Protein chains: 2
Amino acid sequence: MSEKRNKLEQIAADSVQRSGFHNLSFRTLANEVGVKSSSVHYYFPEKAHLATALLENYIAAFTAQLDDIDSRNLSLTKKLDAFIKIFEKVIKEDKLCLCGMMAAEVSTLNKQNRILLSSYFSRAEKWISQLLINHEVELNIDIDPQVLSKTIMSGLEGAILIDRVDRGMERLKAQRILINKLLKK
Amino acid sequence: MSEKRNKLEQIAADSVQRSGFHNLSFRTLANEVGVKSSSVHYYFPEKAHLATALLENYIAAFTAQLDDIDSRNLSLTKKLDAFIKIFEKVIKEDKLCLCGMMAAEVSTLNKQNRILLSSYFSRAEKWISQLLINHEVELNIDIDPQVLSKTIMSGLEGAILIDRVDRGMERLKAQRILINKLLKK
DNA sequence: GTCTATATACAGATAGAC
DNA sequence: GTCTATCTGTATATAGAC
């Protein structure tokens with residue numbers, strides 16, 4: 001992995017999470033690394049290739065975080081809390097989840113990138129539902145784990161989407177409270 | 001209100017809900033109405049003015065829908081169901097909520113439009129929380145109505161955001177199930 | 001292997017025609 | 001009052017220099 005390629009991807013990801021993929025230009029990206037925009041095309045022939053790299057990176061990092069939570073022997077409450085913290089970190093940096101942002105822009109993505117994007121959400125939901133199944137006795141509500149996992153994921157994505165509008169964390173906090181209410185004390 | 005201005009706004013809103021405000025150009029917009037892009041500037045001197053018009057229209061239509069629900073004498077379940085239907089209609093047309101889309105693009109909006117955007121979400125949340133307070137006895141969970149209203153709104157926005165990625169309605173359906181579980185039968 | 005000069009198309013915006 | 005020719009800057013992408 002080239003060092004410059006790495007830097008380009010980092011800056012690009014940050015930019016996408018702040019203002020969207022369509023708003024990111026090769027020129028601005030190049031300026032930040034001190035090269036010409038045409039140089040960026042060496043690493044990413046088309047913009048869609050950059051999108052692919054960003055999605056793959058983000059999903060890999062996300063997966064690593066889930067694995068880390070899995071590796072620790074925690075209660076359901078603590079594990080869900082750790083999961084919520086992933087989103088908390090994002091909103092604290094005044095960003096959106098990269099995949100949440102790309103979801104808004106999905107109509108401009110090619111098929112391959114849509115599949116990648118879709119895999120992010122299904123992976124997240126699958127992880128949550130498996131967690132709920134493993135800790136079923138700690139649940140305070142009678143609901144299909146797959147249904148609950150979808151609402152948790154939607155709730156978190158929606159929360160940081162709206163919270164960013166007035167630079168707060170009210171919705172994420174509300175989401176945390178609701179989730180805790182659904183768990184046994 | 002000019003007829004052409006009206007048409008421009010309708011087409012623009014549709015385009016924004018599909019692919020975002022930044023992805024909308026005066027040129028494409030003009031083509032669809034059969035004029036030159038420069039003509040669009042007669043109605044909207046700057047693109048930010050167009051954003052303002054779209055936000056105002058959307059909020060007005062949304063408010064009208066809430067008033068309509070208020071005017072009917074329904075149970076909490078039915079009222080919330082009618083509220084969810086607003087989002088269902090949007091996702092069925094393969095669109096996003098205009099304000100949800102603009103929320104993703106908030107970093108590119110000017111202050112005035114951010115305030116407008118913010119007012120949409122606070123209005124929605126206020127309406128839900130007031131509804132919950134009015135029908136407190138029908139609630140099946142002990143939670144602050146303002147907190148629950150925020151999670152409902154986040155959940156719905158997030159649901160259609162994610163559902164659009166694989167052109168389904170799974171998350172919105174899940175959201176409906178969860179909300180119903182939180183209400184007394 | 002890495003980078004740039006350059007091409008071509010398109011963005012928003014203005015000055016002014018009708 | 002409504003619309004367009006045109007300006008200036010920026011977009012992605014290519015061909016080719018080092």
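Note that the structure is a prediction, hence the values are computed from the model and not measured. Convention: sequence-line order gives letters A, B, ...; per-chain numbering from 1.
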Original post:
Is it true that R164(A) and D94(A) have a side-chain N and a carboxylate O under 4.0 angstrom from each other?
Top reply: no

**OP:** Return the set of residues passing salt bridge (Lys or Arg N to Asp or Glu O under 4.0 Å) with K173(A) (not counting sequence neighbours), or none when no residue passes.
**Re:** E170(A)

Original post:
Which residues satisfy the salt bridge (Lys or Arg N to Asp or Glu O under 4.0 Å) test with K78(B), sequence neighbours excluded?
Top reply: none

Subject >> Neighbours of DNA chain D within residues 23-42 of chain A, by heavy-atom distance under 4.0 Å >> reply: L24(A), S25(A), F26(A), R27(A), S37(A), S38(A), H41(A)

Subject >> Non-neighbouring partners of E138(A) that pass side chain to side chain contact (heavy atoms under 4.5 Å, CB included), sequence neighbours left out >> reply: S75(A), L76(A), H135(A)

**OP:** Under the side chain to side chain contact (heavy atoms under 4.5 Å, CB included) rule, collect the residues that match up with D142(B), sequence neighbours excluded.
**Re:** K181(A)

**OP:** Mind checking side chain to side chain contact (heavy atoms under 4.5 Å, CB included) for N134(B) and listing every partner two or more places apart, or none if nothing turns up?
**Re:** Q130(B)

Original post:
Looking at residues at least two apart in the chain, or sitting in another chain, which of them share a side-chain hydrogen bond (donor to acceptor under 3.5 Å, both in side chains) with E125(B)?
Top reply: R171(A)

Original post:
By salt bridge (Lys or Arg N to Asp or Glu O under 4.0 Å), which residues pair with K7(A), not counting sequence neighbours?
Top reply: none

**OP:** Work out how much the helix from dG1(C)-dC18(D) to dC18(C)-dG1(D) bends between its end axes, five pairs an end, to the nearest 10 degrees.
**Re:** 0°

**OP:** Kindly state each residue pair satisfying side chain to side chain donor-acceptor pair (under 3.5 Å) with at least one member in residues 24-40 of chain A, sequence neighbours excluded.
**Re:** S25(A)-T28(A)

Original post:
What residues form a salt bridge (Lys or Arg N to Asp or Glu O under 4.0 Å) with K85(A), not counting sequence neighbours?
Top reply: D81(A)

Original post:
Under a criterion of less than 4.0 angstrom to any heavy atom of chain A, what are the 5'-terminal and 3'-terminal contacting nucleotides of DNA chain D?
Top reply: dT10(D) to dT14(D)

